[in-house]
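Naming: A, B, ... by sequence-line order, numbering from 1 per chain.
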Number of protein chains: 2
Amino acid sequence: METLDSVPDEDFLRLDHQICFSLHAATRAFNGVYREALKELGLTYPQYLVMLVLWEHRELPVKGIGERLRLDSGTLSPLLKRLEAAGYVERRRSPQDERSVTVRLTGDGTALREKALGVPRRIAAATGLDVGEIRELRERLDALAVRLDAVDPDALGACG
Amino acid sequence: METLDSVPDEDFLRLDHQICFSLHAATRAFNGVYREALKELGLTYPQYLVMLVLWEHRELPVKGIGERLRLDSGTLSPLLKRLEAAGYVERRRSPQDERSVTVRLTGDGTALREKALGVPRRIAAATGLDVGEIRELRERLDALAVRLDAVDPDALGACG
DNA sequence: CGCGATTAAGTTGTGCACAACTGAATAGTG
DNA sequence: CACTATTCAGTTGTGCACAACTTAATCGCG
């Protein structure tokens, strides 16, 4: 079997170039396709992710959205302000806990879901993959993300 | 076989949530690990990609770097200025074609390669994948990117 | 040769990601 | 109950991605 140790550093630098770049490129290609498909909804791709979460839960605190999308308030606060300015969500401080801000769909935000229903099918068609392949790729990527998120930062500084 | 057409719109919105988010999350997880590993080199991940290309070619026009990384001058110009400020590259207009700017490694930039040699191995180890799995994932992502880049923008507006 | 079309790099403006920080509210401990 | 620690949202600053545009150089056709 071809183990990591059997590959010399020099080749590894090239292999690395390929894998890191491939993921980078695939993500940007996906973003480009979504950008086009979401143009008619007036949403960016991250805004669409937030709307997907809200369409499932109707209302959530900022923290809840952040947990589901793995985004912090530094990213979400301005994004949610833009969604509010577009009239798709409302934000108000929770009466129970004044630290928390509850984000809730407006009528327009709820209605937007109907217009968004056709988007994912068109994206999936653009990938040229069937449902099983999509699911398999998703599972691989999820497993990868879990492993990468679990990496001890200190283990990367020294040669592991 | 489970075709795209056999999945209702409602489920599709959820499936979509999973695949688009998974890629997004995996990319950000990768970025996080690279950020940590590249901290000692003083490089960001996109700057590292540019350095990888230059370590292979020593010098290239901005356009050449852009073609290899699929990035435009709007992204590269400021990035290359930062690499120049860090002392890793030099930029000078080409005498043959005054429109073109040639980016060349400095001594420091060339030397940095030695410090970078250990990085990809540590990243690969963090993924928990062996060489074959990495290669397979890369091939899938490349094929996906090619298909997504080839999508006709007009086909996404209307329901394809 | 002359002049419009194209090409290269850079600039500007918008939006996302993330680190580091602030300020306000709540939780927990003695 | 008082006081510290934590939590939540927001702000600031840096950097990347990309669209739209500008400027300067080159190309190519008549």
Mind checking B:K39 for me? I need base, sugar-phosphate or nothing, with any heavy atom below 4.0 Å counting as a touch.
-> nothing
Could you tell me whether B:L76 contacts a base, only the sugar-phosphate backbone, or nothing, with contacts defined as non-hydrogen atoms closer than 4.0 Å?
-> nothing
Closest heavy-atom contact between A:P78 and A:S73?
-> CD-O, 4.0 Å
Heavy-atom closest pair, residues A:V101 and A:R91 | CG1-CB, 3.8 Å
Considering all heavy atoms of both residues, which atom of A:L105 and which atom of A:L54 are nearest to each other, and what is their separation?
-> CD1-O, 3.5 Å
Listed partners of B:S94 passing side-chain hydrogen bond (donor to acceptor under 3.5 Å, both in side chains), at least two apart | B:Q96
Could you tell me the separation between the NE2 atom of B:H24 and the P atom of C:dG15, rounded to a whole number of Å?
-> 16 Å
ring-ring contact (aromatic ring centres under 6.0 Å, His included) partners of B:F21, counting only residues at least two apart = none
Tell me which residues in residues 140-150 of chain B put a heavy atom below 4.0 Å from DNA chain C, sorted by number, or none.
-> none
Rounded to whole angstrom units, what separation is found between the CZ atom of A:R91 and the P atom of D:dC8?
-> 17 Å
Do you know the tightest heavy-atom contact between A:G42 and A:Q47?
-> O-OE1, 4.0 Å
Just how far, in rounded Å, is P of C:dA17 from CG of A:L69?
-> 9 Å
Sequence neighbours excluded, the answer for salt bridge (Lys or Arg N to Asp or Glu O under 4.0 Å) partners of B:E133 is none
For A:K39, salt bridge (Lys or Arg N to Asp or Glu O under 4.0 Å) partners two or more places apart = A:E36
Residues B:L83, B:L43; criterion side-chain contact (heavy atoms from CB on, under 4.5 Å); working and verdict | CA-CA 9 Å; B:L83 284 181; B:L43 295 176; 3.8 Å; yes
Counting only non-hydrogen atoms, which of residues 44-51 of chain A are less than 4.0 Å from DNA chain C?
-> A:T44, A:P46, A:Q47
Contact list for DNA chain C against residues 55-66 of chain B - heavy-atom distance below 4.0 Å = B:P61, B:V62, B:K63
Can a side chain N or O of A:K81 be found less than 4.0 Å away from OP1 or OP2 on D:dT11?
-> yes
Please walk me through it: do B:L148 and A:T127 pass side-chain contact (heavy atoms from CB on, under 4.5 Å)?
-> CA-CA 6 Å; B:L148 291 175; A:T127 66; 4.1 Å; yes
In whole angstroms, the gap separating C1' of D:dT7 from CD of A:E67 amounts to 12 Å
Check B:W55 against B:A116 and note the closest heavy-atom contact, atom names and distance.
-> CH2-CB, 3.4 Å
Atom pairs under 3.5 Å: protein N/O with N/O of nucleotides 18-20 of chain D:
from: D:dC18; atom 1: OP2; to: A:R28; atom 2: NH1; distance (Å): 3.2

Are B:S100 and C:dA9 close enough that a side-chain N or O sits under 4.0 Å from OP1 or OP2?
-> yes
Partner residues of A:R147 under the side chain to side chain contact (heavy atoms under 4.5 Å, CB included) criterion, sequence neighbours left out | A:A143, B:L129
Those residues at least two apart in sequence (or on a different chain) that pass salt bridge (Lys or Arg N to Asp or Glu O under 4.0 Å) with B:E59 are B:R104
Determine the interplanar angle of the A:Y34 and A:Y48 rings, folded into 0 to 90°, and report it as parallel if under 30°, tilted if 30 to 60°, perpendicular if over 60°.
-> tilted
In residues 92-99 of chain A, which residues come under 4.0 Å of DNA chain C by heavy atom?
-> A:Q96, A:D97, A:E98, A:R99
With sequence neighbours left out, what residues match B:R140 under salt bridge (Lys or Arg N to Asp or Glu O under 4.0 Å)?
-> A:E136, B:E136
Of all heavy-atom pairs between A:F30 and A:I123, which one has the smallest distance, and what is that distance?
-> CE2-CG2, 3.6 Å
